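Note: hydrogens, waters and symmetry copies are ignored here, and every other heavy atom, side chains too, is used. Positions are given from 1 along the sequence. Note that this is a predicted model, so its numbers are computed, not measured.
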Amino acid sequence: MDSQLLLVLLLLLLLGVLSPWGQEHETRGPSEEPPEEEISEEDGVLVLSQHTLSLALRAHPALLVEFYAPWCGHCKALAPEYSKAAALLAAESAQIRLAKVDGPAEPGLTEEFAVTEYPTLKFFRDGNRTHPEEYTGPREAKGIAEWLRRRVGSSTTRLEDEESAHALIDAQDIVVIGFFQDLQDEDVATFLAVSQDALDMTFGLTDRPQLFQKFGLTKDTVVLFKKFDEGRADFPVNKELGLDQGDLSYFLLTHSMHLVTEFNSEVLFVVVDVGANNTHVLQYFGMKAEETPTLRFINMETTKKYRPADSEPVTAASVTAFCHAVFGGKIKPYLLSQEVPPDWDQRPVKTLVGKNFEQVAFDETKNVFIKFYAPWCTHCKEMAPAWEALAEKYKDHEDIVIAELDATANELEAFAVHGFPTLKYFPAGPGRKVIEYKSARDLETFSKFLDNGGKLPAEEPTAPFPETSGNSTLDPKEEL
């Protein structure tokens, strides 16, 4: 009897312990997940974290994210313009959202997206987390909104007839129209890439023969129409070389400026409004908006740039004195240069800028092979793997240096770089010798060039030479 009572008590105790667990387990369910964290907003801007970025990328196919720091002065200045841009796009019902991430509070995200300064803005498309586009536009509301519109929508107007062409030209002070006989040509892609970033210009595109005839064109041409000065400037496309993005951008920059007056028939004066989406002009001269008002002088033939020695007020007298000083050789041209990266020599491909170029390129103990490139250059991107492989192959050769230099952000006193990519070899020894490389851009040919001391070995003949008379001679075979 006692044993039966003990068994009953044990069963009751077990049921008492298990019953609450069983009820709780049944209520929650083994596969139920905690609810997702909601995304908060401030002034129309999404506030993201490590946990909510993925959710935002899934929900918004076009997302601009600002990485900021609460203590950053530039971030504070950007904040109201960023909110205004969000409001402008929301008013248009655009499928574009603006967001922000507190960088110091989210170290995982800043590391993932290589954020090294504030503010840094990155544009995400279609939920692609691995390859965001760096934001390169202006820092005011209208410019931010327009930069995004031109990436999400069309950056050009398709022109089908004379009426639409004249309507576009008449509507704006500056209109750029690309006349292309084949809209599938890769030159059209180059034109569209330029149109995405030249926010202060309106772009059109056509392949209509009647419009070619109307504007007196017989081949592919980019035409800038303007309501001042000569009224029109043409940029014919070289069919052999193709349309170069840098050359076209430079053409549009120079021909969109107002020619105000002449000084001794030698100087053309141009006024640039730094508050009107002219960031590209400031970048070209290596300036910041806070430096204005100021002067810059450029020799259009040599592209050498000059700046006043003193930061005195801009007056008629100071402008006159500055021009005379340039013509009299009293002011030397200045050269753009990025800062030397702390890790410039840590990778197989060394990073050069204007400030360390001379020291590395003309080191008499080294054979230095340098690629001069532009970040937007397609050919430069195509040869990048071969260049990296070359550097990896020769990284243990103490007398060989493989390097690269962004020639759009760094200028050199030794020579100017006009095309991309440009490859130059600087052999060891005195004399500051420079050899331009003009052969195939592949690892095998690069290696032969280096192994043969900065020249390619003469090719062996693949067939016997034809018989010649006893008095005739053959010229030596030219080296590549």
Check against side chain to side chain donor-acceptor pair (under 3.5 Å), T294 and R307: CA-CA 9 Å; T294 187; R307 58 188 169 203; over 6 Å; no

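- For K304, the NZ atom sits in a loose shell: 12 or fewer heavy atoms of surrounding residues, nucleotides or ligands are nearer than 6.0 Å.
- The closest side-chain heavy-atom distance from K142 to L199 is not below 4.5 Å.
- With rounding to the nearest 0.5 Å, the separation of CD1 in I370 from NZ in K424 is 10.0 Å.
- Counting heavy-atom neighbours within 6.0 Å of Q184 CD, excluding the residue itself, gives a total of 12 or less.
- Residue pairs meeting the salt bridge (charged side-chain N to carboxylate O under 4.0 Å, His left out) criterion with at least one partner in residues 60-81, sequence neighbours excluded, are E81-K84.
- Nearest heavy atoms, L88 versus A145: CD1-CB, 4.3 Å.
- For the pair I169/K227, no side-chain contact is recorded, criterion being any heavy-atom separation below 4.5 Å from C-beta on.
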Validation: residues 206-215 side-chain donor-acceptor distances under 3.5 Å, sequence neighbours left out:
residue, atom, partner, partner atom, Å
T206, OG1, L159, O, 2.8
T206, OG1, R208, N, 3.1
R208, NE, E160, OE1, 2.6
R208, NH2, E160, OE1, 2.5
Q210, NE2, E160, O, 3.4

Stepwise side-chain contact (heavy atoms from CB on, under 4.5 Å) test for L109 and L53: CA-CA 9 Å; L109 291 179; L53 175 60; 3.8 Å; yes

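- Ring to ring, F426 and F357 are close: their centroids are under 6.0 angstrom apart.
- Counting all heavy atoms, side chain and backbone alike, A374 lies closest to T408 at CB-CG2, 3.5 Å.
- Atoms OG1 and CD, on T130 and E112 in that order, are 9.5 Å from each other to the nearest 0.5 Å.
- The side chain to side chain contact (heavy atoms under 4.5 Å, CB included) test applied to K219 returns T221, P236, not counting sequence neighbours.
- A search for salt bridge (charged side-chain N to carboxylate O under 4.0 Å, His left out) contacts involving E111 returns nothing, not counting sequence neighbours.
- Counting only heavy atoms from C-beta outward, the side chains of L64 and I144 approach each other to under 4.5 Å.
- Between F113 and F124, the gap from one ring centroid to the other is short of 6.0 Å.
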Worked verdict on Y425 versus F446 for ring pair (Phe, Tyr, Trp, His ring centres under 6.0 Å): CA-CA 11 Å; Y425 178 74; F446 287 152; over 10 Å; no

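- For the pair L183/R158, a side-chain contact is recorded, criterion being any heavy-atom separation below 4.5 Å from C-beta on.
- Applying the side-chain hydrogen bond (donor to acceptor under 3.5 Å, both in side chains) test to pairs two or more places apart or on separate chains, those with a residue in residues 162-173 are D161-S164.
- With salt bridges taken as basic N to acidic carboxylate O contacts below 4.0 Å, none links E382 and R441.
- Looking at D234 and L217, their side chains come closer than 4.5 Å, going by heavy atoms from C-beta outward.
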For residues 328-335, dump all side-chain donor-acceptor pairs below 3.5 Å to protein atoms at least two apart in sequence or in another chain.
residue, atom, partner, partner atom, Å
Y334, OH, F285, O, 3.0
Y334, OH, R296, NE, 3.4

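- Residue pairs meeting the ring-ring contact (aromatic ring centres under 6.0 Å, His included) criterion with at least one member in residues 73-97: none, sequence neighbours excluded.
- Salt bridge annotation for K100-D43: absent, with no cationic side-chain nitrogen under 4.0 angstrom from a carboxylate oxygen.
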Test side-chain contact (heavy atoms from CB on, under 4.5 Å) applied to L423 and M383, step by step: CA-CA 11 Å; L423 305 177; M383 71 161 283; 4.0 Å; yes

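- The ring-ring contact (aromatic ring centres under 6.0 Å, His included) analysis of residues 85-112, with sequence neighbours excluded, yields no pairs.
- Annotation: side chain of L89 is in contact with side chain of L148 (closest heavy-atom distance under 4.5 Å).
- Seen from the ring of Y373, K381 does not count as a face-on cation partner, given the 6.0 Å and 45° thresholds.
- Annotation: side chain of W387 is not in contact with side chain of C380 (no heavy-atom distance under 4.5 Å).
- Both tests do not hold together for R150 against W147: distance to the six-membered ring centre under 6.0 Å, angle to the ring axis within 45°.
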Worked verdict on E411 versus K305 for side-chain contact (heavy atoms from CB on, under 4.5 Å): CA-CA 10 Å; E411 297 172 326; K305 298 185 271 294; 2.3 Å; yes

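- Between F251 and V222, the shortest heavy-atom contact is CE2-O, 4.4 Å.
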Criterion ring pair (Phe, Tyr, Trp, His ring centres under 6.0 Å) on F322 and Y306, from CA distance to verdict: CA-CA 9 Å; F322 176 49; Y306 304 80; 7.9 Å; no

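- For L63 against A56, the heavy-atom pair with the smallest separation is CD2-CB, 4.0 Å.
- Taking 4.0 Å as the cut-off between side-chain N and carboxylate O, K122 and E133 do not count as a salt-bridged pair.
- Contact check for V65 versus L121: no side-chain heavy atoms found under the 4.5 Å cut-off.
- Listed by chain and number, the residues in a salt bridge (charged side-chain N to carboxylate O under 4.0 Å, His left out) with E186 amount to none (sequence neighbours excluded).
- Between R58 and D126 there is no salt bridge, since no side-chain nitrogen of the basic residue lies less than 4.0 Å from a carboxylate oxygen of the acidic one.
- Residues satisfying the salt bridge (charged side-chain N to carboxylate O under 4.0 Å, His left out) criterion with E117, sequence neighbours excluded, are absent altogether.
- In this structure, W376 CH2 and F420 CZ are separated by 5.5 Å, a value rounded to the nearest 0.5 Å.
- Closest approach of S256 and L252 over heavy atoms only: OG-O, 2.8 Å.
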Candidate pair D220 and K239, rule side-chain contact (heavy atoms from CB on, under 4.5 Å), full reasoning: CA-CA 8 Å; D220 291 0; K239 294 308 292 183; 3.3 Å; yes

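- In this structure, CG in N356 is found 7.5 Å from OG in S337, a value given to the nearest 0.5 Å.
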Check against ring pair (Phe, Tyr, Trp, His ring centres under 6.0 Å), Y394 and F369: CA-CA 11 Å; Y394 288 89; F369 201 9; 9.5 Å; no

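- Here R347 pairs with E388, E404 under the salt bridge (charged side-chain N to carboxylate O under 4.0 Å, His left out) rule; sequence neighbours left out.
- Within the 6.0 Å centre-distance limit, the rings of F415 and F372 are counted as a close aromatic pair.
- Of all non-hydrogen atoms in T136 and R151, the two that sit nearest each other are OG1-NH2, 4.5 Å.
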Give every donor-acceptor pair under 3.5 Å between a side-chain atom in residues 240-248 and any protein atom, sequence neighbours left out.
residue, atom, partner, partner atom, Å
D244, OD2, G246, N, 3.0
D244, OD2, D247, N, 2.9

